[in-house]
Amino acid sequence: MQETRLDTARIRAARRVIDPVFLDTPLYRCEALEPGLGCTVSIKLETANPVRSFKARGTEVVASLLADKGARAVVCASAGNLGQALAWSGRGRGLDVTVVASRFATRAKLDRIRALGAGLELVDGDHEMARERAAAIARYDGIRLVEDSLDIETCEGAATIGLELVDTAPSFDTVLIALGGGALATGVGHVVKALAPGVEVICVQPLGAPAMTHSWRSRRVVTTDSTNTIADGVAGRHPIPAVLDDLLLVADDAVLVQEASIIAGMRMLLDHAGLVVEPSAALGIAAILEDRDRFADRHVVTIVCGSNVDVDAYHGWVDAAPILGS
């Protein structure tokens with residue numbers, strides 16, 4: 001494998017600075033899902049932690065390095081999960097955390113950022129506008145800007161999930177990874193391709209937020225003017241060139257799925273796994289639903305990456321979804 005920006009030795013070292021509460025998350029075969037999907041399915045559950053997403057694996061690395069350097073403040077843009085994670089990691093290390101988010105972000109995520117003690121600034125636009133504002137704050141105040149996926153710590157923190165997969169999973173041949181900015185996909189993909197190269201790495205993105213998938217297919221950065229998806233956690237419009245370069249080295253495929261399939265995946269995870277998940281976390285199940293023949297007779301691991309969801313919106317989605325696989 002050609003070299004990505006990531007380093008396997010640093011990824012192993014990252015486990016030593018990440019709070020154990022975020023490590024060694026549940027990994028199990030979910031037989032109840034299999035009749036409806038037509039393949040063997042294992043779940044890597046990244047929601048059973050204090051911030052209910054995988055993001056703190058990366059922010060723990062970032063915050064640890066900043067604290068070691070004597071930093072006192074940090075800012076990031078977030079759709080919600082990164083902000084919660086940075087607030088949690090920063091609070092434990094004495095960092096003053098500011099999060100910039102869209103005013104239209106999921107309310108539950110914004111409320112939790114505030115509850116964790118971070119300063120929250122809202123912008124009247126989407127995540128890309130929040131990124132611009134966070135960068136401006138960093139320049140004006142002279143503080144560290146944490147850029148998810150661009151900052152290698154966020155990728156290598158997420159990559160510790162890959163270590164747990166290859167070290168503890170029974171034989172599996174496919175891993176399905178939600179694709180947004182790319183930290184999760186490049187991190188897990190790097191480890192899998194380095195240590196289990198026969199496993200197929202498939203990234204999944206909503207049809208309504210396809211920028212990174214189009215970029216992967218075109219082998220160049222492709223931007224979009226807007227997004228239209230309930231999966232707010234992966235709804236970026238401007239892929240980062242360095243992240244795309246890494247993704248091109250570790251992803252075997254990138255697929256787009258429809259909103260109806262995402263909602264059906266959320267309903268299946270509720271009905272057959274007892275899991276309440278946010279839309280981004282159901283992308284892997286959605287991919288199987290849309291192409292059962294491709295995954296037939298395979299052993300697929302899907303990373304359930306977050307469960308921060310607005311309760312009313314969640315019920316509006318899943319209550320209207322058909323019951324599958326029963």
Side-chain angles (χ1 to χ4, degrees), residues 5 53-55 58-59 75-86 99-106 109-110 122-136 138 145-155 157-158 176-189 202-248 250-251 254-259 262 278-284 286-287 303 305-306 308:
R5 295 178 302 145
S53 84
F54 76 95
K55 294 287 189 180
T59 60
V75 61
C76 75
S78 175
N81 285 349
L82 178 71
Q84 290 181 71
L86 188 60
V99 179
V100 184
S102 168
R103 193 176 304 279
F104 310 106
T106 300
K109 295 180 179 181
L110 300 180
L122 302 178
V123 298
D124 291 317
D126 64 5
H127 181 64
E128 302 302 338
M129 184 177 290
R131 285 173 61 182
E132 294 174 3
R133 176 57 184 158
L145 169 66
V146 175
E147 293 192 78
D148 198 17
S149 304
L150 178 60
D151 287 355
I152 199 65
E153 299 92 344
T154 62
C155 302
L176 295 169
I177 311 173
L179 179 60
L184 182 62
T186 59
V188 174
I202 302 176
C203 303
V204 190
Q205 198 164 38
L207 189 63
M212 186 62 98
T213 296
H214 286 335
S215 298
W216 182 88
R217 292 175 179 175
S218 300
R219 304 190 68 83
R220 61 177 179 83
V221 170
V222 176
T223 63
T224 60
D225 293 331
S226 61
T227 60
N228 183 22
T229 179
I230 62 171
D232 61 308
V234 294
R237 296 190 288 111
H238 295 284
I240 298 168
V243 181
L244 174 60
D245 289 343
D246 290 340
L247 191 69
L248 288 169
V250 302
V255 301
L256 298 171
V257 295
Q258 299 178 57
E259 297 295 290
I262 298 171
E278 61 188 84
S280 301
L283 287 169
I303 300 172
C305 55
N308 291 298

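Owing to the predicted nature of the structure, the values given are computational and were not obtained by experimental measurement.
Partners of Arg103 under the salt bridge (Lys or Arg N to Asp or Glu O under 4.0 Å) rule, at least two apart in sequence or in another chain, are Asp124. Partners of Arg220 by side chain to side chain contact (heavy atoms under 4.5 Å, CB included), not counting sequence neighbours, listed by chain and number: Ser218, Val222. Applying the side chain to side chain donor-acceptor pair (under 3.5 Å) rule to Ser149 yields no partners; only residues at least two apart in sequence or on another chain are considered. Residues meeting the side chain to side chain contact (heavy atoms under 4.5 Å, CB included) test with Thr106, sequence neighbours left out: Ala108, Lys109, Asp232, Asp310. For the side chain to side chain donor-acceptor pair (under 3.5 Å) test, no residue two or more places apart in sequence or in another chain qualifies with Glu147. Residues satisfying the side chain to side chain contact (heavy atoms under 4.5 Å, CB included) test with Ala286, not counting sequence neighbours, are Val257, Ser261, Ile262. Considering only residues two or more places apart in sequence or on other chains, Glu259 meets the salt bridge (Lys or Arg N to Asp or Glu O under 4.0 Å) condition with none of them. For Asp225, the side chain to side chain donor-acceptor pair (under 3.5 Å) criterion is met by no residue, not counting sequence neighbours. Evaluation of the side chain to side chain contact (heavy atoms under 4.5 Å, CB included) rule for Ala77 yields His127, Ala130, Arg131, Ala134 as partners, not counting sequence neighbours. For Thr224, the side chain to side chain donor-acceptor pair (under 3.5 Å) test picks out no residue, with sequence neighbours left out.
Here the closest non-hydrogen pair linking Trp216 and Leu247 is NE1-O, 3.7 Å. Looking at every heavy atom in both residues, Val75 comes nearest to Ala138 through CG1-CB, 3.8 Å. Smallest separation of non-hydrogen atoms from Arg5 and Leu150: NH1-O, 2.7 Å. Looking at every heavy atom in both residues, Ser102 comes nearest to Gly125 through OG-O, 2.5 Å. Contact detail for Ser215 and Pro239: the closest heavy-atom pair is OG-CG, 3.4 Å. Of all heavy-atom pairs between Val255 and Ala287, the closest is CG2-CB, 4.3 Å.
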Return a table of donor-acceptor pairs under 3.5 angstrom between the side chains of residues 177-187 and protein atoms on other chains or two or more places apart.
from   : atom 1 : to     : atom 2 : distance (Å)
Thr186 : OG1    : Gly182 : O      : 2.7
Thr186 : OG1    : Ala183 : O      : 3.4

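Here the SG atom belonging to Cys76 is positioned 10.0 Å from the CG atom belonging to Asp151, to the nearest 0.5 angstrom. We find the CG-SG distance between Asn81 and Cys305 to be 8.0 Å, quoted to the nearest 0.5 Å. Between the OG1 atom in Thr229 and the CG atom in Leu283 there is a gap of 7.5 Å [rounded to 0.5 Å]. Here Cys155 contributes atom SG and Asp246 contributes atom CG; the two are 6.5 Å apart, rounded to the nearest 0.5 Å. Summarising the geometry, atom CZ belonging to Phe104 is positioned 11.5 Å from atom CG belonging to Leu110; distances are rounded to the nearest 0.5 Å. Taking CG of Leu207 as the reference point, atom CD of Gln258 lies at 6.5 Å (rounded to 0.5 Å).
Taking 4.5 Å as the limit, every side-chain heavy atom of Ser78 sits out of range of all side-chain heavy atoms of Asp148.
Between the side chain of Gln205 and the backbone N or O of Thr213 there is at least one donor-acceptor pair closer than 3.5 Å. Side-chain atoms of Arg133 do not come within 3.5 Å of backbone N or O of Val123 as any donor-acceptor pair. Between the side chain of Asp126 and the backbone N or O of Glu128, at least one donor-acceptor pair lies under 3.5 Å. Side-chain N or O atoms of Thr59 include one that pairs as donor or acceptor with a backbone N or O of Ala85 at under 3.5 Å.
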Verdict with reasoning, Val243 to Met212, per side-chain contact (heavy atoms from CB on, under 4.5 Å)
CA-CA 10 Å; Val243 181; Met212 186 62 98; 4.0 Å; yes

Please test Val221 against His238 for side-chain contact (heavy atoms from CB on, under 4.5 Å), starting from the C-alpha separation and ending with a verdict.
CA-CA 8 Å; Val221 170; His238 295 284; over 6 Å; no

Is there a side-chain contact (heavy atoms from CB on, under 4.5 Å) between Ser53 and Asn308 once you walk through the steps?
CA-CA 8 Å; Ser53 84; Asn308 291 298; 4.3 Å; yes

